[in-house]
Amino acid sequence: MLRLSYAGSRALRGRSRICSVWMQRTKTITTTSRVVQAYSTTSTTSTFDRLIPKHDDFSQRHIGPAPSEKVAMLETIGVESIEELISQAMPQKIRLNRELNIGPALDENQLLRRFDEICQQNKVWRTYIGMGFYNCVVPNTIMRNIFENPGWTTQYTPYQPEISQGRLEGLLNYQTMIADMTKLDIANASLLDEATACAEAMGLSFRHNKRRKFYVDSKLHPQNIAVVQTRASALGINVEVSDREKMDFSNHDYSGVIIQYPDTEGTIYDLTTMVEQAHSNGTLVICTTDLLALTILRPPGEFGVDIAVGSSQRFGVPLGFGGPHAGFFAIKEVFKRVMPGRVVGVTRDANGKEAYRLALQTREQHIRRDKATSNICTAQALLANMAAMFAVYHGPNGLKHIGKRVHNATLILARGLKEAGHHVTNDIFFDTLKVIPVWSAETIKSQAEQKQINFYYYSDGGIGISLDETTEESDLQDLFSIFDCPKSVREIAEMVGPEPENSILQSPFRRTSSYLTHPVFNRYQSETNIVRYMKILENKDISLCHSMIPLGSCTMKLNSTTQMMPCSRTEFKDIHPFVPEDQVEGYHQLFSELEKDLCEITGYDKISFQPNSGAQGEYAGLRTIRAYLESIGESQRTVCLIPESAHGTNPASAQMAGMKILQIRVNKSGSIDIDDLKAKTEKHSDTLAVLMITYPSTNGVFDEDISEICDLIHANGGQVYLDGANMNAQVGICRPGDYGSDVSHLNLHKTFCIPHGGGGPGMGPIGVKEHLAPFLPSHPVIPVKGTINGQPFGTISAAPYGSSAILPISWAYIKMMAGSGLRHATEMAIINANYMSKRLNGYYKILFTNKNGFCAHEFILDCREFKKNSGVEVIDIAKRLQDYGFHAPTMSFPVSGSLMIEPTESEDKEELDKYCDALISIHKEIEMIEEGKLDPLDNPLKNAPHPVTVLTATNWDRPYPREMACSPAAFVIPNTKFWPMVARIDDIYGDQHLVCNRPPDTYYASPYSKLVMEKQRVKSVS
């Protein structure tokens, strides 16, 4: 069935739905002697409420299966009721056994009215604070067609490249843009923000030459300095913050130096001498820079710097009170195999066609674990694609026009300030001035506030003013008025002249090199063309708009339109992260309500929203534990116990937090080996810091002894870090804080409905028990509201509240679901998983279940035995699923050669059955290979996926029919299914011939492509 939109597809199915509120569980539905609990539509409500009930119940739109479908699924599972299944799947002793205290559910209209009230408490002033965050004009066509489009927001990370060619091309555009603008060789596909990019660059420098000293320019943005210092402290790196003129590299003991260009006060300076001195002493040079400035400013790569980092926010991404924004990271080619983050590369498919995929995956922490060079997992794919499309939309000439316009406005402002008698400290600048006023900064601040204008106020009495793309003549005139300039803007403009002497364009810093010369940046400047280009890319990607994406441990669930709408509100998207607190009372009210609800859901006492990814949350939680242990005189506790089934980010985060990692075995049922845990806990009782455990386990089962495990760790002086990736099996049923956990990160982009965005954004706030609360992260610019007095371990992200602009999504989800809806969502996630497990059992070996034979919200199919009998590997099954119109489950994690399936509660029985039917059909194909009915090497699985170009070829020379390739099951209708864009990707070729920028158009006529075409011609002739 063709799905026009994920949120709207339910209407297409035409099922009748109960639309009144589910008030309590009192009613039962009996079918074929099976009894299933349901929510009552009749309760002790007033006559009025019965006559005029609420408009809608959002939870019934969020949860996929209808009541009759639940009955049928429970019958297949073999239980009498939902309650029986839950009692059999999870330990009774950890059950919550009460309703979550969240308040009554809001319907969608009530939710939007409630959000409107919150919005009114924010004040959107004109802001000239700068410091890495700037107003920008988000082209409406990009806002509507990417930022607000589920076809772009609900994609998963492109680990299956054949059905991800659109966003991969967009990210390749991004990498090309960053490499061009910085004049460095290779860029990655984005990092979390500018500050974490700085910290990753420091880590690369340290790994490169193993020196434990690192220079930081004192004129870096303060949040960049803070994040670098935090990251360095756990790695044993000594960070020295210094004026750049005073840096001395002659002792050959500094791994790297990081400088800001232009610096935080706006000054531009010559990098040549510093780069030469650093390089002569073996020190790497890192430059954090500004993309818009580089449209007219000499790029850092031309000075010889090794690494350039920064933020692409001002390329068409809203301020959003600090995020999400895409950080960038560009390097010299020599560092390509140690660069952190994801990298998109150009390769070929099985037919020689150019294709894209994620390159160099063996660098990732999923594989390297405690040997990982970084714990980075989430990129900012959605925001990187927006920034890349901004460059495509404007092209090099348009970007240069914006850059010159901003710079010229700043030249006019500087001249006007000088005419008024104020001192401008910058000689050469792009868009930022530091002004020493002739009267007090307080006077200026008072006058600015009267006009609802924000500046940055330095501790030395200076005032920072950063102009941007949105600055108009009236804005300059207001600035002149505040600083009492005696002349008008136009009069000052005449004095400045058409070619100002102190312009970058009249200086040695003028950019002379070209950029964005590839045709993709020069052919889509009309809206007609850009809309078509965005749609072309969107149509190359599978997303939740098309079909279910049952990725174990990734929880790809409904991201409703109503939840997403608040992200586009001006009062939330157009606010700088460093504005005074009284301008963001709406944000803080939302934070407070979301924190209260998350504490109620988890059993924790305090939440920090600063970590802007799950891996960042892991790191923040471990650093919080270490700070607590140090505060009680237990700094020797550095041992971190991690089960062998844990997420790859767990050991990577622990390594970055300076911990010693010991692996705990897992038993045959997939649970922790208690004997191994006891032995290692007792052996290291004097140095034990923490156990990192995922619950339910990554193997898809609830450990029966979780409370005893927590007690064991506490009895030996350690803390319990519970990885929150699998909270979707717990919400409303049990709470980590109740059964013994001390801290968890919460993947809001999993359990709490923030969409994955094709590989980011994510959000990973941490919840902690009361004794850890004083040690949560802080921020150097804006105090984190509600922080308990204590000893914060440092700073995690560039913004004080991480990716604030997407927090309304989770807030809205919780408010519309309320306690009963959240609990029922968890129950349905467990039902759906066990239903699929029962249907597939017998065709595939189910690797782990509990003692009662049930899984939690996900389960693992063991595909290893097929290789022995048929030569079919798990990757063949994953690729073959694409021919059925589906995205593969999580592949080879946590067990090599397996598929981990998590259907979530959002998918209905029809969709679950289609997916099961696809896997059963694939199993039959495997049997045909084993029986000799299909060639062991030339068969639909080994050749999968089959793109349209293969199926429409003039000659079909494969030993199986086209119908088997393109329409392998009754529900797979060729004219409605999602087609892979390319044949199977050649990963080895891509890694051996690493190309990470857009190749020239002549690439399509590569020798290999010509060879393939010649072979096809010969076959045709013969």
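This one's a predicted model, so the numbers in the text were calculated from it and none came from an experiment.
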With a 4.0 Å cut-off, would you call R823 and E827 a salt bridge?
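E827 and R823: salt-bridged.
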Within 6.0 Å of NZ in K93, more than 12 heavy atoms from elsewhere
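Above 12, so yes.
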Quick check with a 6.0 Å cut-off and a 45 degree axis cone: is K557 positioned over the face of F752's six-membered ring?
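Output no; distance or angle outside limits.
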Cation-pi check for Y619 against R231: NZ or CZ below 6.0 Å from the six-membered ring centre and within 45 degrees of the axis, yes or no?
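Yes.
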Under 6.0 Å between ring centres: does that hold for F859 and F848?
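No, the ring of F859 stays outside the 6.0 Å limit from the ring of F848, centre to centre.
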Please tell me if the side chains of L899 and M891 come closer than 4.5 Å, counting only heavy atoms from C-beta onward.
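They are in side-chain contact.
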By side chain to side chain donor-acceptor pair (under 3.5 Å) - contacts of [X] (at least two apart):
X: Y587; value: none
X: T624; value: none
X: R626; value: none

Applying salt bridge (charged side-chain N to carboxylate O under 4.0 Å, His left out), can you list everything that pairs with K750, at least two apart in sequence or on another chain?
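Listed in chain order: nothing, the list is empty.
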T694: which residues meet the side-chain contact (heavy atoms from CB on, under 4.5 Å) condition with it, sequence neighbours left out?
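Partners of T694 by the side-chain contact (heavy atoms from CB on, under 4.5 Å) criterion, ordered by chain and then number, come out as H647, N650, T698, D723, N726.
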Could you tell me which residues satisfy side-chain contact (heavy atoms from CB on, under 4.5 Å) with D597, sequence neighbours excluded, listed by chain and number?
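In terms of side-chain contact (heavy atoms from CB on, under 4.5 Å), with neighbours along the sequence ignored, D597 is linked to I102, I814, K815.
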Look at the side chain of Y695 and the backbone N and O of L722, then say whether any donor-acceptor pair between them is shorter than 3.5 Å.
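No; judged by distance alone, with no hydrogens or angles, the pair does not exist.
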Distance-only donor-acceptor check, side chains S671 and E704, under 3.5 Å:
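There is no such pair between these side chains.
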L590 CG to Y801 OH distance, which is reported to the nearest 0.5 Å
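One gets 12.0 Å once the value is rounded to the nearest 0.5 Å.
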